[in-house]
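Data block below; observations after.
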There are 2 protein chains.
Amino acid sequence: MPIDLDRLPVDRGSGVSLWRQIAERIESEITTGAFPPSSQLPSESELTERFGVNRHTVRRALAVLAEKGLVRAVKGRGSFVEEAPLPYPIGRRVRFSENVMAAGRAPRGRLLGVATVVDAEPTRRLGLPPRTPLLRIEMVSSANGVPLSRSTSWFEKARFEGLEAELQRTGSVSRAFAAHGIADYARLETAISARPADPAEQDLLELPPGRAVLVVDAVNADAEGRPIQVQRTRFAADRVHLVVKS
Amino acid sequence: MPIDLDRLPVDRGSGVSLWRQIAERIESEITTGAFPPSSQLPSESELTERFGVNRHTVRRALAVLAEKGLVRAVKGRGSFVEEAPLPYPIGRRVRFSENVMAAGRAPRGRLLGVATVVDAEPTRRLGLPPRTPLLRIEMVSSANGVPLSRSTSWFEKARFEGLEAELQRTGSVSRAFAAHGIADYARLETAISARPADPAEQDLLELPPGRAVLVVDAVNADAEGRPIQVQRTRFAADRVHLVVKS
DNA sequence: CCAGCTTGTCTACTAATATAGACAAGTTGG
DNA sequence: CCAACTTGTCTATATTAGTAGACAAGCTGG
């Protein structure tokens, strides 16, 4: 009687729960490269057949792996192996698109919303008089369709009127700046902290509860050193590692 | 706050059952020598405290180890680490007491019962005329108080009248033979098989259900080569390894 | 002998694990 | 568009794991 290669049976009554056995097996297939980064895992019903267990049991195993940041489930599409964390250099020149492309992945920016606001803190950091109207822009940035960060930026409204249209079109802050006559810009200051993702961030960044976000507060300036952008970015810490060279 | 060294907590909700964690921990302490062979394990209630679980959970862990032949529980006394299997040479000269003492353990024989019987098969193997009355003697032999084997022996009643008294006194077949003028004797033939212990053997040999016994059928002869003893011994296979030198 | 230890067995109950099935809702490709 | 796939969520139920307590029965040392 030939062994059925499609079946990888589990040990029942061994004192190790089935969901743990399955999670360990899938994890080892990921770390050994049988399931490479960004590849799609077999569907839950397929894993159900392979391991000879109930779908709920497979789901619990996948939930454990998602909790560890090893896989990510997308409703309607399937489960995917997470990429290795992207090294994200922090220095005088910080460009999201360049950083993502340097890792061989495809950058994308999605505009969430635009508002005109008056806000004392960013105004002060932009070096503008109090109560100057600001453009506040909310974005989500991704690599190969995987969301990496969610950012809020403040610009002087008078100087960057219509910036959001260019952002909408290109998804890139650098290109939107270029369309407004800013050929180059530089990082003035960067403050880094971290905390658990809040529910809104879990949703936008497709994170399981309890995962951390890196909170990066930054000020960018034009060629003359005048502040033009105050930005607060929340990176999914499982997908991005900040690298500071001194 | 100092760590409580008396407590070795277990991982709850890890997907590994508590009885398995405890069994693995105790097993590793046995194999690393923290609990040497024949030493007494902490009592169940003590282990209950150390691991912070219910006594039933500890008992299940100990049952697993007993099932593997690593420990043995004795009602009213405690649980003990099993000795390494005793190498038991099978050749022309086979002596239980010598074999046990060679391993530095104390041999003992306990007489279970004596009967006068007529039995065709042992009579034939003793080379006696059919229907010759035989002495049938049942024994349990142990080392350091741990039962190793249960044996049934047949002798010619006429020649060995009163043998059982000597056996009772000395617990040794060799000495009983000596008292009957047999200074030396030799193994003529040995047949070896194995099977699971039956309930009576489980009881006499203090074996958990399902463990194997080695069944050794042997004929011993006097210095002139005449058969004097037909013996069927059941060794606890976890405690004795038969060694045949060729 | 007997108090105090040990293991063995039993019942009752709660929590964790696993199964079974149904249906909602998002995605994809023809 | 829509059929066929995917993941997400819900209810219900059976089995295993773990807790709690009581009591029987064997051993040991004073």
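Every chain is numbered from 1 and lettered A, B, ... according to where its sequence line falls, protein lines coming before strand lines. Small disclaimer: the values here were computed from a predicted structure and weren't measured.
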Nearest 0.5 Å, what's the [atom1]-[atom2] distance between [X] and [Y]?
{"X": "L207(B)", "Y": "E67(B)", "atom1": "CG", "atom2": "CD", "value": "10.5 Å"}
{"X": "Q21(A)", "Y": "T57(A)", "atom1": "CD", "atom2": "OG1", "value": "11.0 Å"}
{"X": "K68(A)", "Y": "I30(A)", "atom1": "NZ", "atom2": "CD1", "value": "9.5 Å"}

**Prompt:** Nearest nucleotide by nearest heavy atom, which residue falls closer to the 5' end of DNA chain D, L41(A) or S17(B)?
**Reply:**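 Closer to the 5' end of DNA chain D: L41(A).
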**Request:** Assign each of L62(A) and R20(B) to its nearest nucleotide of DNA chain D by heavy atoms, then name whichever residue's nucleotide is nearer the 5' end.
**Result:**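 Counting from the 5' end, the first nearest nucleotide belongs to L62(A).
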**Asked** Does the separation of the ring centres of F35(B) and F80(B) fall below 6.0 angstrom?
**Response**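 No, they do not, as the ring centres are separated by 6.0 Å or more.
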**Message:** For F96(A) together with F235(A), are the ring centres under 6.0 Å from each other?
**Reply:**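 Distance test on ring centres: not under 6.0 Å, no.
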Please tabulate, one pair per line, each protein N/O and nucleotide N/O from nucleotides 4-6 of chain C that are separated by under 3.5 Å, including the distance.
residue, atom, partner, partner atom, Å
dT6(C), OP1, S43(B), OG, 3.0

pair [X]-[Y]: side-chain heavy atoms closer than 4.5 Å:
{"X": "R60(A)", "Y": "V53(A)", "value": "no"}
{"X": "Q229(B)", "Y": "S153(B)", "value": "yes"}
{"X": "P147(B)", "Y": "L205(B)", "value": "yes"}

**Request:** Using the six-membered ring wherever Trp is involved, compare the ring planes of F177(A) and F155(A) and label them parallel, tilted or perpendicular (cut-offs 30° and 60°).
**Result:**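 Ring orientation, 0 to 90° scale: perpendicular.
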**Prompt:** Who passes salt bridge (Lys or Arg N to Asp or Glu O under 4.0 Å) against R169(A), sequence neighbours left out?
**Reply:**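 R169(A) satisfies salt bridge (Lys or Arg N to Asp or Glu O under 4.0 Å) with E166(A) once adjacent residues are dropped.
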**Prompt:** Where does the chain B footprint on DNA chain D start and end, counting 5' to 3' with a 4.0 Å heavy-atom cut-off?
**Reply:**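 Answer, 5' to 3': dA17(D) to dT28(D).
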**Asked** So what does R60(B) touch, heavy atoms closer than 4.0 Å: a base, only the sugar-phosphate, or nothing?
**Response**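 If one applies the 4.0 Å heavy-atom cut-off, R60(B) turns out to touch the sugar-phosphate alone, with no base involved.
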**Request:** Output every pair passing salt bridge (Lys or Arg N to Asp or Glu O under 4.0 Å) with a member in residues 135-148 of chain A, not counting sequence neighbours, ordered by first then second residue.
**Result:**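 Found R136(A)-E138(A), E138(A)-R150(A).
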**Request:** Give, ordered by number, those residues of residues 196-208 of chain B having at least one heavy-atom distance below 4.0 Å to an atom of DNA chain C; if nothing qualifies, reply none.
**Result:**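 Close to the strand, none.
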Between the protein and nucleotides 19-21 of chain C, list every N/O to N/O distance that falls short of 3.5 Å.
residue, atom, partner, partner atom, Å
dT19(C), OP1, R12(A), NH1, 3.1
dT19(C), OP1, R12(A), NH2, 2.6
dT19(C), OP2, N54(A), N, 2.8
dT19(C), OP2, T57(A), OG1, 2.7
dA20(C), N6, H56(A), NE2, 2.7
dG21(C), O6, H56(A), NE2, 2.4

**Asked** Knowing that exactly one of I22(A), V71(A), V81(A), L41(A) qualifies, which makes a side-chain contact (heavy atoms from CB on, under 4.5 Å) with L65(A)?
**Response**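 Of the listed residues I22(A), V71(A), V81(A), L41(A), the side-chain contact (heavy atoms from CB on, under 4.5 Å) partner of L65(A) is V71(A).
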**Asked** How long is the line joining CZ of F80(B) and C1' of dT7(C), in whole Å?
**Response**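 About 11 Å, once rounded to whole Å.
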**Any donor-acceptor N or O pair under 3.5 Å, side chains S45(A), S43(A)** =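 Checked: S45(A)/S43(A) side chains pair up, N/O donor to acceptor below 3.5 Å.
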